[in-house]
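Have a look at the structure below, then the notes.
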Amino acid sequence: MTDTPKIMLDPDRLFPADPTTRSFAREIYETIRDLPIVSLHGHVDPALLAADEPFRSATQLLVTDDHYITRLMVSQGVPLDLFDWTRPAGREAAASDREVWREFCRRWPAFRATPSRLWLEYELVEILGVDERPSAESADRIFDAIAERLDDAAFRPRALFERFGIDVLATTDEPWSDLAYHDVLRDSGLRGAVIPTMRPDKLFEVAHADWTESVRKFEEAAGARIDDAEDLIAAIAIRREFFRSRGATATDHGSPTMEVRPMPAADVDRIFAAARAGAEVAAADADAFRAHMLFETARLAAQDGLVMQLHAGAIRDYDPRVSSVHGPDRGFDIPMWTDAANALRPLLGAFGFEERFRCVVYTLDESLWSRELAPLAGAYPALFLGAPWWFLDTPSAMRRHREAVTDTAGFYNTAGFVDDTRAFLSIPARHDTARRSDAAALAELVAAGLLPLAEAQELAIDLTSHIPTTVFRWKKEMDS
């Protein structure tokens, strides 16, 4: 009888192969390994932590909440209908959970050399204490072993939050949210903060079928009638203040492009009125309205100090059949070419030197990093480069990002690492990967004689803790 295959976590994973450089990477990594986690952009549902109910199963914990995993499984022939995304998280595990898990384990080889495998192995071994390698043969054993863990109170969401050493976790919230879950968490005695982030994208998409309903819900939340674009902007200002009062330090915005450009008031009112009347809005008008609302967002940000995050370069919900049946945000966002220099020019011309304005830009088009974004961030004090994001938050892309932007923008015009995850259990895995990647990049600079080791260690701490808290205006003092 052969031994059961085990997951082997190499303590030097992601470090350079050269022995001298690897030793520098080890020293740098040890400096930041146990620092608190600063997660200032992500998508974990605050209801998960507020309810603090046991996780349903290994499937909910590791598979269905992680788009990287589900999309790769679908690409390998797993039908979308197998994923039961509509069932409430707190319900008992159904037979379908076990079947999804079996399909996941059968396809474990498909994850070889992907960041998903790197994160999953960390989660299984370091968090769940399971070191048996997933396979068709081991699927049920692993499923049942994880089920035993989930019966333990130590594996409930809040206990894991504290075990992970999370100092602050920012969620992403609808602009009409009452933030009741955040109120629960603020009064729960949880060590570490959970803060909201307002994402008003649905109010900007006048061509979307649900836009009128979104405006109606927003009117109710803001307690203000919205008859034109000026009313909408005034209501957004009201809600921004509400989010600020609940601890928010930023807003988040997803856009196909980086276009941020004001429009004449007459055109804005014409487009708004047509959409409000239920008329079909032309694509060009919809794009112009979004760009105008992003410009107005920047104007409000220059006044109230909320950091503006702009995620650009994705075709959202690429396959309408998937979103219509299974809902939005199911892993079918696809990268696209993006322009930055021209698109951001009106924004930076108006607010690039405003002291209170701060914008963090993320892109799926990595050709922008050295060509346009690094030169812009290296010139404008209001612009910061976000971490590699969705498809690019891989060790190799993180390395390319550092190489592409450091010469022009340095390290202190970047915003630090954000995990951008819905999968709660992946947070420490993703942050550990980022810390190892940074340690490796800094070790190369030390080995090349470009940075003393002591400065590299200091810089690693800044990248992990001080830079993100400074850029995102998170007030709590960080341990160093």
Side-chain angles (χ1 to χ4, degrees), residues 35-52 157-162 164-203 217-218 221-223 235-254 297-298 300-311 355-360 362 384 386-387 415-422 424 427 431 464-479:
L35 288 179
I37 287 175
V38 176
S39 178
L40 286 165
H41 173 73
H43 302 283
V44 171
D45 187 348
L48 175 79
L49 291 161
D52 199 33
R158 290 190 205 170
L160 287 173
F161 182 100
E162 296 191 353
F164 295 164
I166 298 175
D167 229 2
V168 56
L169 174 70
T171 63
T172 303
D173 307 270
E174 299 286 14
W176 47 78
S177 172
D178 63 7
L179 303 183
Y181 293 126
H182 289 85
D183 292 340
V184 170
L185 290 169
R186 188 178 61 250
D187 298 333
S188 68
L190 188 70
R191 292 197 299 272
V194 181
I195 61 174
T197 303
M198 179 174 162
R199 186 164 188 165
D201 291 359
K202 292 177 181 178
L203 302 172
K217 288 191 285 189
F218 192 61
I236 288 173
I238 292 171
R239 292 298 292 172
R240 288 171 66 95
E241 185 54 38
F242 173 73
F243 270 73
R244 271 172 36 92
S245 73
R246 295 302 193 277
T249 67
T251 63
D252 185 41
H253 310 271
T297 294
L300 293 173
Q303 296 170 5
D304 64 25
L306 287 177
V307 177
M308 180 178 179
Q309 296 177 89
L310 180 59
H311 288 76
E355 184 176 355
R356 298 209 73 191
F357 180 66
R358 192 165 289 172
C359 183
V360 179
Y362 309 83
F384 294 84
F417 178 68
V418 298
D419 52 70
D420 190 47
T421 186
R422 287 175 172 80
F424 177 61
I427 291 175
H431 282 264
T464 303
S465 301
H466 300 143
I467 287 176
T469 55
T470 299
V471 170
F472 283 92
R473 294 180 168 136
W474 171 245
K475 300 297 185 183
K476 183 178 178 180
E477 290 293 325
M478 300 295 297
D479 295 329

*Test ring pair (Phe, Tyr, Trp, His ring centres under 6.0 Å) applied to Phe384 - qualifying residues, sequence neighbours left out*: none

*Would you name the heavy atoms of Ala415 and Val360 that are closest together and state the gap between them?*
CB-CG1, 3.8 Å

*Distance-only, no hydrogens or angles: does the Asp167 side chain make a donor-acceptor pair with backbone N or O of Pro36 under 3.5 Å?*
no

*Just by distance, do the side chain of Glu162 and the backbone of Arg191 share a donor-acceptor pair under 3.5 Å?*
yes

*In Å, rounded to the nearest 0.5 Å, how long is the span from OG of Ser39 to CH2 of Trp474?*
11.5 Å

*Determine the minimum heavy-atom distance between Ala250 and Phe472, stating which atoms define it.*
CB-CD2, 4.2 Å

*Do Asp252 and Thr197 have side-chain atoms, one donor and one acceptor, less than 3.5 Å apart?*
no

*Out of curiosity, Arg422 CZ to Leu48 CG, how far, rounded to the nearest 0.5 Å?*
13.5 Å

*Are the side chains of Val418 and Pro468 in touch, meaning some heavy atoms are under 4.5 Å apart?*
no

_Which residues share a salt bridge (charged side-chain N to carboxylate O under 4.0 Å, His left out) with Arg356, sequence neighbours left out_ = none

*Can you list the residues that meet the side-chain hydrogen bond (donor to acceptor under 3.5 Å, both in side chains) rule with Arg158, with sequence neighbours excluded?*
none

*asked:* Among residues at least two apart in sequence or on other chains, which ones pass side chain to side chain contact (heavy atoms under 4.5 Å, CB included) with Ala235?
replied: Phe218, Ala222, Ile226

_Given 3.5 Å as the limit, does a donor-acceptor pair link the side chain of Thr172 with the main chain of Gly42, or not?_
yes

*Can you name the salt bridge (charged side-chain N to carboxylate O under 4.0 Å, His left out) partners of Asp304, sequence neighbours left out?*
Arg240

*Verify the neighbour count for atom NZ of Lys217: are there more than 12 heavy atoms of other residues, nucleotides or ligands below 6.0 Å?*
yes

*How far does CG of Asp420 sit from CD of Gln309, to the nearest 0.5 angstrom?*
9.0 Å

*List for me each residue that meets salt bridge (charged side-chain N to carboxylate O under 4.0 Å, His left out) alongside Arg239, sequence neighbours excluded, and say none if there are none.*
none

*Can you name the residues that form a side-chain hydrogen bond (donor to acceptor under 3.5 Å, both in side chains) with Arg473, not counting sequence neighbours?*
none

*Shortest non-hydrogen contact from Leu35 to Ser465?*
CD1-OG, 3.6 Å

*Side chains of Val307 and Thr249: does their closest heavy-atom pair fall under 4.5 Å?*
no

*Residue pair Phe357 / Met308, side-chain heavy-atom distance below 4.5 Å*: yes

_Passing option when Leu185 is tested against Leu179, Val194, Ile195 for side chain to side chain contact (heavy atoms under 4.5 Å, CB included)_ = Val194

*Can you sort out the partners of Asp173 under side-chain hydrogen bond (donor to acceptor under 3.5 Å, both in side chains), two or more places apart, ordered by chain and number?*
Thr171

_Minimum heavy-atom distance Leu203-Pro175, with the two atoms named_ = CD1-CG, 3.9 Å

*Check salt bridge (charged side-chain N to carboxylate O under 4.0 Å, His left out) between Asp52 and all other residues, then give those that pass, not counting sequence neighbours.*
none

*May I have all residue pairs that pass ring-ring contact (aromatic ring centres under 6.0 Å, His included) and include part of residues 164-194, sequence neighbours excluded?*
Phe164-Phe424

_Could you work out, with side-chain hydrogen bond (donor to acceptor under 3.5 Å, both in side chains) as the rule, every residue matching Thr251, not counting sequence neighbours?_
His253

*asked:* For a 4.5 angstrom cut-off between non-hydrogen side-chain atoms, does Ser245 reach Phe243?
replied: no

_One pair to check against side-chain contact (heavy atoms from CB on, under 4.5 Å): Leu169 and Phe161. What are the steps and the verdict?_
CA-CA 9 Å; Leu169 174 70; Phe161 182 100; 3.9 Å; yes

*So, for Pro196 and Gly247, which heavy atoms are closest and what is the spacing to 0.1 Å?*
CD-C, 4.2 Å

*Between Arg199 and Glu174, does at least one N-O distance fall below 4.0 Å, as a salt bridge requires?*
no

*asked:* So Thr421 and Ile427, do their side chains get closer than 4.5 Å, heavy atoms only?
replied: yes

*Can you name the residues that form a ring pair (Phe, Tyr, Trp, His ring centres under 6.0 Å) with His43, not counting sequence neighbours?*
His41

